[in-house]
Structures are given as C-alpha cells and as structure tokens.
Amino acid sequence: MKKFVLSQEDITPAEYSIQYEDLLNEAQLEAVMFDEGSALIVAGAGTGKTRTLVYRVARLVESGVDPTQILLLTFTRRAASEMLRRASQILDERCQRVEGGTFHHYCSKILHRYAEKIGYPEQFTIIDAGDAMDTVNLVRSQVDIPTQKKRFPKKSTLYNIFSTSVNKQMTVRDVIEQQYPQFVNYTETIELLADKYAAYKEQNFVMDFDDLLVKTRDLLRDQQEVRKKVAAQHKHVLVDEYQDTNALQAELTQLFSSIHNNVMAVGDDAQSIYSFRGADHKNMMRYPELFEDTKIIKLEENYRSTQRILDVANRVLKQAGEKFEKELYTVKEKGDMPGLVKAANMNDQSRFLTQMILNLREQGHELNEIACLFRNGRDSFDLEVMLNKKNIPYIKYGGQKFTEAAHVKDVLAHLRVLVNPKDTISWNRVLMLIDGIGPKTAEELFSWAQTGGNPYRPDQAPNTSDRYLTQLKALGNLFSELKKLDGSVPEQLQTVVDYYAKFCKKRFDDHPKRMKDLETFVDISGTYRSLEKMIEEVALDPIEATAIDTETTEKDEPPLILSTIHSAKGLEWHTVFLIQCLDGILPSGYAIDDEEQIDEEVRLLYVAVTRAKEQLFITYPALFQSRYGDYFTNPSRFIEDIEKDYLEPWLLVEESEEEQKQLEE
Ligand SMILES: Nc1ncnc2c1ncn2[C@@H]1O[C@H](COP(=O)(O)OP(=O)(O)OP(=O)(O)O)[C@@H](O)[C@H]1O
C-alpha cells in the first residue's frame, strides 16, 4: 500500500477568522498569541481569565494545533465543558475535541490506561471523601485504641490528617504536631492507622482522590517510558485556577509538559480559598522557579464591576499578606456606592433582603441576576424561611451534594458492588439495609464471599438466619436481574431504585421526596455510557443537589441564587448581597489565631465582593440569635476599617417610626 503524508494546514495570523485584536485588550492578546514555552498569567478578579483561556484554545486550534493535543485542566469538569463550549461557539466544533477536565479526571484516565504498571486491575474503584472516611472507620475498628483522657480523633479528622500529609507532602507525625497537637499522644496509633488505610486500599483495588494524584506522579516520575508517552500526547498544557492547586499538582503539570515545556497557567493568588483541601497559593509564586524562562503576563483591567465596587475590593485585598501586587481598575462608570447594612437582628436582615430583591425584580431585573452569598451553608437558613414565605423561588449552591445524600449512596452501593465485589464499604451499606443484619453478620457474609463464596448469591452462605434469608434471596435476585440488564445504565438504576423503595420508606420520614430524587437520577443517568463510567464520574464530580432541584421544580421564573462564597467562584451577578458578615463568621472563629488562615478569610471576602457587577451590599445583624443564646455582634474586622467614603452605612428604619417622624416634622 502507498503512503501519503498529509502536511499540517498551518495558517498565518493574517488568515485568522477571529478578530482577536478587537475582542481582547493588550495583555489578554499577548496571552492568547503567546507562542511556545512557559507562561504565567497573573490575573485579578474579573479581568478576563476565563475569556483569555477560551480565546487561547480557539487560537491554538485555529493555528492548526490538533485539538486532541491540547490539555485543559480546570477546577471542575463543568468549567472545562463550559470553556470548550464557548471556544466552539467562537471558532467551530473542533474545540470540543480538546482534552478537558480536572487533574483528578485526567490522572484517573492515565491510571486506568497504565493500571498494570502499578499492579492494579483496569477496573479499580475511586472513592469520594465520604467513602474514604467510612474506610478509615473500618480500619479503625480493627485496631485497639489506647484509652486516654482525651478522646481519639473522629474518622473525619483522621482522614484530614492523612490527606494533609499527602497533599502537603509531610509525614503524619508532622501534620499532627503542627496542626493537631491535641492528639500528639496518639501519634503512633494514628501512624498505624495510616498504614492500615493504605494497605486496605491496595488490597481492595480502591483509590481515594489523593491516590489518583500521588500514583500518577509516582508512575510518571519512576517509569520514564510511560512519562514520555503521556507527555507526548499533548503539545500544549493549559491550567486554570492555578492558585487553588497544590504542590503535587504543580509537579504533575511539570511532568505532563516535560517533553515540550509548553505550559500556560492562569490564576489569581488573591482568590486562593481552598487551603483546607491542600491548595497552596504560594504555588503561584513558585511557578517561575519550577518552569524555566517563564513569561509573566498580568491582567489588571477589570471588565466586570464598577469602579466603586473595585475600590472596596482593593481595600479588602490590601489587608492580605503575601501576594502579587495588583490594583484592579476599570473604565466602566463609577456606579452606585456599595452599602454596608446594619440590621437589628437576623430577621430584619432577611426582611431587608427580600424587600430589596422584590424591588429589583420590579425594576426589571431577573431573579437569577441577583445573588445572596455567605460563608457557611447555615448562614442562609433564616433568609430561606422568609423567601419561602414570600414565594420567591431560589436555588442554593454549596450545600450537600446530591450524590452524597444517604439514599443516593445506598442505591449507588448496589451498583458499586456489582462492578467491584471487593468493595467492602459498599457491601456493608447493601447488607446492613436488611432487617436483622448488623456489622458482625455483614462482616461474616463478606468474608465468606471473599474466600470462595459467590458474593451475588449471599443467600447461599452457611448459617444464615431465617430472619433474613428471604431478604438475602431477594438481594441475590436483584443481582441476577442487574447482570441481565448489563449495558443499560437507566434500566439497571431503575431496578435498584424499585428494590430500594421499601428500605427508603422504612428509613426516612421524607421518603416521597427522596424517591422523587431517585427517579430524577434515573432520568439523567442516560448520559453515562456504562455503569463503570457513571460510578467513577459521580465519585469524581458529585452531582450538585441543585441539578436535581432544577429538574424537579417546575417554576417558570429563573430562581434567585443563594450560594456559599466557595461555590460562587468564577461567577458574576448584577447585584450581590453578602450576608452575615460578622466577626467569627468571616473571618471564621477557627481562623482568628492563625495569620495564614486569616489571610485566606480576607481572600474569601475579596472573592465575594468581586462577584458583583453593578451593586454590592454587605449586611450583618447586630444581634446574633442561636440555640445557645443571643449575643451582640461585631461586623467583620475586614470591613470595619474600610472608610465610609467607600462603603456607605445604611440604617434600617421601621415604616411606623418613619411616619411618626414625618408627622412630628
Ligand atoms: N476584553 C474584554 N472586553 C469586554 N469584556 C470583557 C473582556 N475581558 C473580559 N470581559 C468580561 O468581563 C467579565 C469577567 O471576565 P471573566 O469571567 O473571563 O474573568 P475572570 O478573570 O475569569 O474572573 P474571576 O476570576 O473573578 O472569576 C465577563 O463578563 C467577560 O465577558
């Protein structure tokens, strides 16, 4: 057969179909046109980071780079798909073929491909943080815990210690000494548990999120031929939200780009708010040391907010310690003065918000152009009651994820054991739903299955009590049914949901709502290609509760946005209300004694403020009511020092008092 080598269809800048010069400012254009090598885009809030990356993808594709040879790493899967969708809109469908996703997704893909190189089967199980904590609990139950006066750390604390040790590349002992000194007497037991947790995962072919990063790093660092193959797959590596990466991710970025050194990272050190997950904003400062001849490009012109909002943002940022110096500016008009609203109590704060929101709606603003932001999910409870009373539709981001709710985990557990019969945690969930089966019986059944018994016929196990034999038969029948349906995710899911209905009814008072959720889950599961894919996807990228709520609410009006500040990352609204802006909440009471933590709280406030385009209100109640009692509060220390010229004080006055005053006058 004859071979004809097609040469690359490179086009010159003169032939570009997109008018980049007209659509981008000078610094953005420089980043988009950056040729080869390493670049760091240090960008302030609202300066067009996302826009720049979208145009860079389009420009690379338009210049003739094969889209599959571009790797775009983002903070969430949704962010990658959104950027590629936008790039496709401005150029063409080729941009959809760019490899986009999170570090965890990409690492998982590599590990599946090279599983045998690290002694794993291709189908290993990925566990989310909740499952990881349950696994820690399981190994904890197999170890004698010395009795001491001080209680032993909880499963979540243990998991956090292990995870910090991996992400910050510290020993478990150092993490305890530096961050959990109260548990220092338990150091040896905790170290033993860390080893046992690691051994459990190896034996059962399970990986937690940290393993995905560590094992990929080890694989690429230690096996040169794999590294070369992986790095040769892409010619350009783009990393978004670099300020929220950790040292391991920095090392991975280096390995991914080790052949070509074409890497562009984009980030705003002032928006680094994920240190509790191991992110290190200093990663940005270290970038130029890690990548040779880095070109630093700064984006400072803000296109989102009015100058008055930026004045507040700049004043907030001045209070943070180590940072790349930048001062946000805009050519937009000055705009309305941001307001600082003191309410007598939480109820008045909610009244103010609902009345302002209704006014804005009256003025023609859609509700989804307005956001109420807060530090913690619970900070909006009072407001939610008032919104329900006033029939104002809203959607809340940042609460519990849909796929982390107990009923969804129960259903998923049945499918997970089908895919990986060694998944102890899921077996426990499945078996313990059954009346009369407790941890001991579950363990016996599991051991029987691991030593030759058929896990999918648990009714065949010896010595099963009559109390639950019929139920075990029903479980066995469920598995036979599921195997017959292999290939259709919605049908398999529906079969488990039907089986689960009676347990749901018994376990939860609000079972009708939960069953409705599960039905919606069945509806949206058609998008997954296989059961294995679905299980992995929901572990890596938990479905937001809001995705389900939006499916189930039939309101025709786009809802108001309620969101934690963390979940507001990357978004923007016409009007932003930042509520409960109190000392002890923002900054959190836990951060007050730690300078680095305080800095992170400043950055959180900065993220919140910079989400607003036209109007910003910061509100707080003077009296804080909780179940432990009522007490007077102080507004956040970060806003106390901002002069009145930048943040105008608002006073809330009762209508009756105002009328009285007018009468007197
Ligand atoms: N050159 C430009 N011309 C016009 N509008 C722009 C330009 N650059 C950015 N914008 C607009 O400014 C807003 C902010 O841009 P973008 O969301 O890309 O910023 P960002 O840096 O990712 O923000 P953040 O980090 O704060 O989330 C968007 O509405 C975007 O369309």
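In what follows, every heavy atom counts, from backbone to side chain, and hydrogens, waters and symmetry copies are set aside. Note that ligands are numbered from 1 as they come in the structure, with each ligand's atoms numbered from 1 the same way.
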In ligand 1, which numbered atoms sit nearer than 4.0 Å to a non-hydrogen atom of R611?
24 (P), 26 (O), 27 (O)

In terms of the angle between their ring planes, are F617 and F577 parallel, tilted or perpendicular, with boundaries placed at 30° and 60°?
parallel

Is there at least one pair of N or O atoms, one from T610 and one from ligand 1, spaced under 3.5 Å apart?
no

In this structure, atom 21 (O) of ligand 1 is nearest to the protein heavy atom K49 N, 2.8 Å

What atoms in ligand 1 come closer than 4.0 Å to a heavy atom of R304?
14 (C), 17 (O), 19 (O), 23 (O), 24 (P), 26 (O), 27 (O)

Any donor-acceptor pair under 3.5 Å from Q349 side chain to Q580 backbone
yes

The option among Y303, Y606, Y55 carrying the non-hydrogen atom nearest to atom 3 (N) of ligand 1 is Y303

Identify the protein heavy atom lying closest to atom 13 (C) of ligand 1, giving its residue, its atom name and the separation to 0.1 Å.
E572 OE1, 3.5 Å

So the atoms of ligand 1 within less than 4.0 Å of a heavy atom of L23 turn out to be 1 (N), 2 (C)

Against S588, only a single residue in E600, E601, Q597 fulfils side-chain contact (heavy atoms from CB on, under 4.5 Å); can you say which?
E601

Could you identify the single nearest non-hydrogen protein atom to atom 22 (O) of ligand 1 and state the distance to 0.1 Å?
T50 OG1, 2.6 Å

N-O pairing of R637 and E640 below 4.0 Å:
no

Does any donor atom in the side chain of N359 or Q355 lie under 3.5 Å from an acceptor atom in the other side chain?
no

Show the nearest heavy-atom pair for residues T47 and E300, with the distance to one decimal.
CG2-C, 3.6 Å

Number the atoms of ligand 1 from 1 as they appear, then name those within less than 4.0 Å of a heavy atom of G570, with their elements.
27 (O)

Is any NZ, NE, NH1 or NH2 atom of the basic residue among E369 and K613 found under 4.0 Å from an Asp or Glu carboxylate oxygen of the other?
no

Nitrogen or oxygen atoms of G46 and ligand 1 under 3.5 Å apart
yes

Check: S108/H105 side-chain N/O donor and acceptor closer than 3.5 Å:
no

Geometry only, no angles: is G48 polar-contacting ligand 1 at N/O separations under 3.5 Å?
yes

Considering heavy atoms of the protein only, find what lies nearest to atom 1 (N) of ligand 1 and give residue, atom and distance to 0.1 Å.
Q28 OE1, 2.9 Å

among protein heavy atoms, the one nearest atom 31 (O) of ligand 1 is R51 NH1, 3.5 Å

Numbered atoms and elements of ligand 1 in range of A45, under 4.0 angstrom, heavy atoms:
26 (O)

Distance-only polar pair, side chains of R59 and Y20, donor-acceptor under 3.5 Å:
no

Of all the heavy atoms in L299, does at least one lie under 4.0 Å from an atom in ligand 1?
no

Before accepting this row, confirm whether a basic side-chain N of the pair R85/E82 lies closer than 4.0 Å to the acidic partner's carboxylate O.
yes

Answer with side chain, backbone, both or neither: which part of K569 has a heavy atom less than 4.0 angstrom from an atom of ligand 1?
neither

K569, NZ atom: more than 12 neighbouring heavy atoms under 6.0 Å
yes

Is the contact between D268 and ligand 1 made by the side chain, the backbone, both, or neither, using heavy atoms and a 4.0 Å cut-off?
neither

